[in-house]
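Read through the structure below, which is laid out as structure tokens, and then see the notes.
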2 protein chains.
Amino acid sequence: MGTSLRDVARLAGVSVKTVSNVVNGYAHVSPATRAKVEGALSQLDYRPNLSARNLRQGRTGMIALALPELDAPYFAELSRFVIDAAAEHRWLVIIEQTGGSLERERRILDGVRDHQVDGLILSPVAVGAEELAARTDDTALVLLGERIYDGPADHVAIDNVRAARDVTEHLIGLGRRRIAALGAQDDTASGTAPLRLAGYRQALAAHGLPETIVKVDRYQRAEGAAAMAGLLAAAEPPDAVFCFNDLLALGAMRTVLAAGLRVPEDVALAGLDDIEDGRYSTPTLTTIAPDKNQLARIAVALLKQRIDGSTARPPEEFTAGHRLIPRESTVGRAPSGG
Amino acid sequence: MGTSLRDVARLAGVSVKTVSNVVNGYAHVSPATRAKVEGALSQLDYRPNLSARNLRQGRTGMIALALPELDAPYFAELSRFVIDAAAEHRWLVIIEQTGGSLERERRILDGVRDHQVDGLILSPVAVGAEELAARTDDTALVLLGERIYDGPADHVAIDNVRAARDVTEHLIGLGRRRIAALGAQDDTASGTAPLRLAGYRQALAAHGLPETIVKVDRYQRAEGAAAMAGLLAAAEPPDAVFCFNDLLALGAMRTVLAAGLRVPEDVALAGLDDIEDGRYSTPTLTTIAPDKNQLARIAVALLKQRIDGSTARPPEEFTAGHRLIPRESTVGRAPSGG
DNA sequence: CTGAAAGCGCTTACAG
DNA sequence: CTGAAAGCGCTTACAG
């Protein structure tokens, strides 16, 4: 292997303990001894063996972030914030992709101990609250961004019902009356789809407007494009569509524009996530911006508390902020040079 | 901690060695013994302590993937492939973000030993070949997707010069004559910008066409948008722009469309990376598609070879495939229902 | 086919 | 302020 504490101790003429003290910044070391040790340390280019340290301390300095897929822009952006927040606690982040499959989520939940991470941040899609409650692995766990209320673990998310209501109210306020929801789902134990659907329905009900609900399997551009084609083919197409995430909205936008229709004049479109794509599309995309940095920071801070574990408090729900960002896809374009 | 091999051995009435044999699938264990041990294993819900195993074996089962930023779609897509390819070798992947800064790239290169990963895949931006050659850390290293030819490590990339020439030839073939390059850079020791610029110049030179070169600091939408505004303000704006990546192209597209101009009629646009955004933009974006899966698989396979290290071969250069994908932003839209 | 023992490199009470 | 020693949990020659 490399050089060990023993090699350094031998060269410096001190004990292993003393070298360890210097390496770990223990205060009470005489200046002369410290100098000797530091000389040996740099002469041998000593690097601590973290596996050994971990074995001794029962900590690994790593956490896992498990999410459906890294190449969905929302999760890529969120991951970046999580990695940055974790770095402040000197944690490295292992990323695992679940593909939203129940089996993979289960395996990760059950296998965190194997991976020897100090904690897990999971963005669940398939696994349900009762299953989480039955978990035997006691590794620190924080749920990020999906439903599972009253679950057995700390949980951070935006207020999805409220966010969906906000967007829908925005569309109603612009005079739209045939407003479709694109992104409902069967079969998900913990997804946000039911919450977003609930918010949509609340807003429509308050104004006595009819519902049009379209389901998808996955929150991807291709599905948004296909579902939108279905809506356009209807006898009375919608004049606005609230898509449950930005990818669906961008896919839908493609379909509308490719059909020669105008956004928002013929169909207004809104999404949710505020991924960067929507800030540069033409038209730009109206959306709900979750405070991703806040989501990440809260998740990491909660995990930190659980890992340090001095206070064994009951699981808590945290709500991160969100705000509506009206853009061209609903309010139209500013006059331009064209 | 949890249950150890010793606990299992005690319960099964065998030695620790025997339990270890069963856990590790060692062949020569009598069926009776195996049954006893497996009973104890599952009764105690034994999980191996990987820190201990790592300490003993000098392997961690983890590799690091260091890239500029995870929320750039190209890197997010690439990461996904790397994680999947690594999983086939039972490696977990730690992701580190360099932000493209020299200091962070250096720290990661120098610090891999600290992190106790078995190897590192680095997508370098700032660090140069000579610096890499002087590296003291002997952890296995593979460079991914940027220049640094004849460097001291295995390297996988597409043929950037050729790719740039392919796009530029495509634009020329469509009759464009004032073709700008957007994405040149100062100051990067290892970036692909000089290679892409070279390919662009080769194509123009072959046809006796004039060059227009615009520099950017970073390959992001905002910079593409700003740089395009500069081009449009020129006395004689280009009739086509080859942007050095898709994000720059999507930013440029936004500027052109927002100015009331048409793509490709007034200005044709092409990028490089084939990120999903460009498949759903309106117009869709012509681009070069690097074979990202191949890039990832080769990188992981090379790292595997280095880590297993039976053959100490000299560093090699590998070239992954790429292909031009003509889309609406250069060849125009198919007739539609509008 | 199975066991007893050493040792990977570190940290941590325990002495002094 | 410093040292000698134990032990974290595992794997691996070495015996038998």
Side-chain angles (χ1 to χ4, degrees), chain A residues 1-41 44-62 90 111-118 139, chain B residues 1-41 44-62 90 111-118 139:
Chain A
M1 304 176 105
T3 34
S4 72
L5 280 187
R6 233 174 81 185
D7 303 324
V8 178
R10 204 174 286 147
L11 178 63
V14 299
S15 78
V16 164
K17 169 68 155 65
T18 301
V19 181
S20 175
N21 283 343
V22 171
V23 168
N24 293 300
Y26 180 67
H28 307 293
V29 179
S30 75
T33 309
R34 180 182 299 277
K36 262 194 307 189
V37 171
E38 277 170 352
L41 240 21
L44 295 175
D45 192 22
Y46 171 78
R47 309 298 181 98
N49 180 320
L50 296 195
S51 288
R53 183 180 287 173
N54 296 341
L55 172 58
R56 194 45 234 248
Q57 297 188 326
R59 292 283 178 84
T60 64
M62 305 197 186
R90 307 182 139 269
V112 248
R113 250 180 304 177
D114 293 352
H115 296 151
Q116 291 300 112
V117 294
D118 296 335
T139 307
Chain B
M1 305 177 105
T3 33
S4 72
L5 280 187
R6 234 174 80 185
D7 303 325
V8 179
R10 202 174 287 146
L11 179 62
V14 299
S15 77
V16 165
K17 168 69 156 65
T18 301
V19 182
S20 176
N21 282 343
V22 172
V23 168
N24 293 298
Y26 181 66
H28 307 291
V29 179
S30 75
T33 309
R34 180 181 300 277
K36 261 194 309 187
V37 171
E38 276 169 352
L41 241 21
L44 295 175
D45 192 22
Y46 171 77
R47 310 297 180 99
N49 180 321
L50 296 196
S51 288
R53 184 179 286 174
N54 295 341
L55 172 58
R56 194 45 236 246
Q57 298 188 324
R59 291 282 179 86
T60 64
M62 306 198 186
R90 309 182 138 271
V112 246
R113 251 180 301 177
D114 293 353
H115 298 150
Q116 291 300 112
V117 294
D118 296 336
T139 307

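Quantities reported herein were computed from a predicted structural model and do not represent experimental measurements.
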Between P of D:dC10 and CZ of A:R56, the distance in whole Å: 15 Å
Complementary nucleotide for C:dA15 - Watson-Crick or wobble, under 3.5 Å: D:dT2
Closest nucleotide among D:dT2, C:dG9, D:dT12 to the A:A52 side chain: C:dG9
Proximity to the side chain of B:S20 - top-ranked nucleotide from D:dT11, D:dC10, C:dC10: D:dT11
Nearest-angstrom distance from the residue atom OH of A:Y46 to P of C:dG9: 10 Å
Presence of A:S15 side-chain N/O under 4.0 Å of D:dG3 phosphate oxygens OP1/OP2: yes
Any A:S30 side-chain N or O less than 4.0 Å from OP1/OP2 of D:dC1: no
Between C1' of C:dG7 and CG of B:L55, the distance in whole Å: 9 Å
Any A:N49 side-chain N or O less than 4.0 Å from OP1/OP2 of C:dC8: no
Shortest side-chain distance from A:T33, nucleotide among D:dT2, C:dC8, C:dC10: D:dT2
C:dT11 phosphate, OP1 or OP2, under 4.0 Å from A:N24 side-chain N/O: yes
Pairwise distance NZ(A:K36) to OG1(A:T18) - rounded to 0.5 angstrom: 8.5 Å
First encountered from the 5' end of DNA chain D, between A:P31 and B:V16: A:P31
Interatomic distance, B:N49 atom CG to B:R56 atom CZ [nearest 0.5 angstrom]: 14.5 Å
d(CZ, B:R10; P, C:dA4) in whole Å: 13 Å
Gap between atoms CZ and P, on A:R6 and D:dA5 respectively (whole Å): 13 Å
Nearest-angstrom distance from the residue atom CZ of A:R53 to P of D:dG9: 18 Å
Given B:T3, B:L11, B:V37, the one that forms side chain to side chain contact (heavy atoms under 4.5 Å, CB included) with B:Y46: B:T3
Rounded distance [0.5 Å steps], CG in B:N54 versus CG in B:D118: 7.5 Å
Spacing of CE belonging to B:M62 relative to OG1 belonging to A:T60, to within rounding of 0.5 Å: 7.0 Å
Length of the line joining B:L5:CG and D:dC8:P, which is rounded to integer Å: 13 Å
First encountered from the 5' end of DNA chain D, between A:V14 and B:K17: A:V14
Between D:dT11 (P) and B:L50 (CG): distance, integer Å: 9 Å
